Amino acid sequence: MSFVAKKIVNTPSGDRPLRVFRATIPIRVTVNTVVDAVEIDSANTILQGVFEPYGFNALAASAPVTAQPSSLATLVLITLDQPLAIQSIRISQSAPLAANFTLAFYRVDGTTVAEKPTAIAPLHNRLASLATPFVDSRFAVQLRDATGTPVSLSPTHLTEINVQSYPTTPRLGILDETAIPNSLLPIWQAAGEIGRSVPSAEGQVNAGAALATTLQRYLNAHPERLNTDLQLIAESDAPCQFDLSLLTLATQYVLQRFSIDPTYPSTPKQILRFAGREATHQTLHLPQPAQSQLVAATLEISESLRPQTVATTVGNETSDLPVLDPPMGNQGVQVHAPLTAIQQVPLAQAMRVSGMALGVMAIAPNTTLRVAVYADQAGYPTGQPVAVSDLPLPQAGHPTWAIATFPEPVVLFAQPYWIALAAPRGSAFWLTRPSPGSINLVEDGIQFRPRQASRVVEQQVCRYRWLSPAIATPPTGQPTPPVSSLQLRVGEQVVKGHFERGKWHYDLTALCRQPSTASAISLVFSTTSTGSITVYPPRLVFKNSTGAAIANHEVK
């Protein structure tokens, strides 16, 4: 919420010589839901305004600095609580005035009145205004007729003593009402008399970030002050005016829990167990408060997973890569632009693979092959490939096992997949072996149906081998990063984590921060390993559209 107002800094606090003047702007940080912490959003909190001089009648009952007139011979002695700029004095209707009367202003040192007046002002409509105000706390005035002769003047004849007060060491702060005595937690301050001895520009305030920092520190120390009125104080050593051009207090709230339901058991962490042997799934739900927008989300996980035993290479061949000499290397299907070979392959058990070995033979020098793996849906390849890799084949005419390494290891589940092999450059044979099955040759990529294949090779399957992940050699002196078979998904998106200080860290912000009507965010964990993972409470930061309120909207 935003707030604009003019505040008169004229409420005295303390006793002279330590007296100051204040104006209060009530603010409140309101929380309408279960939260673990409240954050003041410094990037969107705004505090702008300007401290300005303030003029008032020092004889008024409500004057922050009062004047005490008294008789002194033919003069009236005026004593102020503190030095101020004298602007004008008004004479009452009961005082005898005539044309061309003047009012002389004298400085006073103790009880001694200066021999000559500091200024002489004509009276217009019984008001004597100084062209150049002077600053003092004790001075005298004398009424004179047209010839300069003193005329009797009583203190009761003065109805207005108009003065100008300048912001003096103006400052802003939060009042700490928990301290004894109360103290001001500083936000902003300027030195000197603003607009008199110091340029007026020094009174400009732009302190949103400082307000957010101070308020955050105060609420962290005193969370009980949430949902209560707090006092933003404008303070000065002399009365002044604070023109508050804009106050916007923006808040966010933090949840570090798995549910905001009060009936939900309070558990500091969640332990998910996996049986292994195949890719199993576990789901956790993160709270999504109503009418809120997630702006940041992070998660930490510790894992105790034992990977299933996976050979160095697994697939449709024996444990060792066989030699591809004839007759093993004399059968195959040719791939070249725009022809692509595509074959459905079963997977009896889930596994985590880092790439493939393909039995191929280039028939043109500097051939480049591209292999892609697709999931199966109702007997057809579907969606985006789960893995893609290019294979350069510089030499032609030699059967070989070409190694395709995926950018990152992928988890394949116990279901059919499709392998597609194309030749963006050159031409090659994908070597085959007799076996029940078929290979489809298509001209338009994977968007095909079997009846649309330009050619079907029956009773043959292509030679391939899945490769298990290999642990990369770390830089000298660096610990070996662990290889995890755990996969985390939010909706259809896979979230990648980084390992640090014994835990996996995930940043979910980009996936979750869009406004949503859902009451929860679903996290799906998958692994082919046996064991458990420990999921620590997430840190969720929500934008709070109703969490910051300015309690006073009156413009004085």
Side-chain angles (χ1 to χ4, degrees), residues 8-22 52-92 94-95 97 101-123 126-145 148-170 191-198 235-241:
I8 309 303
V9 186
N10 64 351
T11 302
S13 177
D15 299 318
R16 287 183 295 174
L18 301 178
R19 183 179 61 175
V20 297
F21 298 87
R22 290 177 169 176
E52 298 173 329
Y54 172 54
F56 58 93
N57 177 13
L59 289 177
S62 60
V65 176
T66 58
Q68 302 296 328
S70 61
S71 296
L72 181 64
T74 62
L75 302 93
V76 174
L77 180 67
I78 300 172
T79 303
L80 296 168
D81 289 349
Q82 65 185 72
L84 297 173
I86 315 305
Q87 291 186 306
S88 64
I89 291 180
R90 187 178 295 277
I91 307 299
S92 70
S94 61
L97 294 184
F101 271 36
T102 58
L103 196 65
F105 292 76
Y106 290 84
R107 292 190 182 274
V108 177
D109 184 6
T111 59
T112 303
V113 179
E115 292 184 3
K116 296 182 178 181
T118 298
I120 299 176
L123 284 158
R126 297 183 172 268
L127 183 68
S129 299
L130 292 171
T132 304
F134 68 90
V135 176
D136 212 332
S137 62
R138 206 158 185 261
F139 64 99
V141 295
Q142 185 183 67
L143 185 63
R144 296 180 178 184
D145 63 16
T149 303
V151 177
S152 175
L153 184 67
S154 167
T156 59
H157 290 151
L158 306 184
T159 59
E160 293 180 13
I161 300 177
N162 297 309
V163 297
Q164 179 96 319
S165 180
Y166 294 89
T168 305
T169 314
E193 279 186 287
I194 306 300
R196 186 168 174 270
S197 62
V198 175
E235 188 176 88
S236 170
D237 292 341
C240 62
Q241 177 174 281

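FYI, the numbering just counts along the sequence from 1. Just so it is clear, the model here is predicted, and its values are computed rather than measured.
- Residues meeting the salt bridge (charged side-chain N to carboxylate O under 4.0 Å, His left out) test with Asp136, sequence neighbours left out: Arg107.
- Nearest heavy-atom pair across Asn57 and Glu160 is OD1-CA, 3.3 Å.
- Considering only heavy atoms from C-beta on, His157 comes within 4.5 Å of Ser94 through its side chain.
- Ser88 OG to Leu130 CG: the interatomic distance, rounded to the nearest 0.5 Å, is 7.5 Å.
- The heavy-atom pair separating Ser129 from Ala121 by the smallest distance is O-CB, 3.4 Å.
- Counting heavy atoms from C-beta on, the side chains of Ser71 and Pro155 come closer than 4.5 Å.
- For Tyr166, there are no ring-ring contact (aromatic ring centres under 6.0 Å, His included) partners two or more places apart in sequence or in a different chain.
- Put simply, OG1 on Thr102 and CG on Asp145 are 8.0 Å apart, with the number rounded to the nearest 0.5 Å.
- Arg126 places a side-chain N or O within donor-acceptor distance of the main-chain N or O of Ala95, the cut-off being under 3.5 Å.
- With sequence neighbours excluded, the residues forming a side-chain contact (heavy atoms from CB on, under 4.5 Å) with Glu52 are Val50, Gln241, Asp243, listed by chain and number.
- In this structure Val198 satisfies the side-chain contact (heavy atoms from CB on, under 4.5 Å) test together with Ile194, Glu202, sequence neighbours excluded.
- Residues satisfying the ring-ring contact (aromatic ring centres under 6.0 Å, His included) test with Tyr54, not counting sequence neighbours, are Phe56.
- Taking 4.5 Å as the limit, some side-chain heavy atom of Ile91 sits within range of a side-chain heavy atom of Leu153.
- With rounding to the nearest 0.5 angstrom, the CZ atom of Arg90 is 12.5 Å from the CG atom of Leu103.
- Taking all atoms of both residues into account, the shortest heavy-atom contact from Val20 to Asp237 is CG1-OD1, 3.6 Å.
- Between Phe101 atom CZ and Thr149 atom OG1 the span is 9.5 Å, to the nearest 0.5 Å.
- Contact record, Thr159 with Ser92: CG2-CB, 3.4 Å, taken as the closest heavy-atom pair.
- Ring planes of Phe139 and Phe105: parallel class, angle under 30° (limits at 30 and 60°).
- Thr111 places none of its side-chain heavy atoms less than 4.5 Å from the side chain of Leu72.
- Heavy atoms only, all atoms of each residue included: Leu84 and Leu80 are closest at CB-CD1, 4.3 Å.
- Here the CD1-CD distance, from Ile86 to Gln164, works out to 11.0 Å after rounding to the nearest 0.5 Å.
- Contact annotation: the side chain of Ile89 approaches that of Ile78 to within less than 4.5 Å [non-hydrogen atoms, C-beta and beyond].
- With sequence neighbours excluded, the residues satisfying side-chain contact (heavy atoms from CB on, under 4.5 Å) with Arg19 are Pro12, Arg16, Phe21, Val65, Asp81, Gln82.
- Between the side chain of Ser236 and the backbone N or O of Thr168, at least one donor-acceptor pair lies under 3.5 Å.
- Side chains of Thr74 and Gln142: a donor on one and an acceptor on the other come within 3.5 Å.
- Scanning both residues, Arg144 and Val151, for their nearest heavy atoms gives C-CG2, 4.1 Å.
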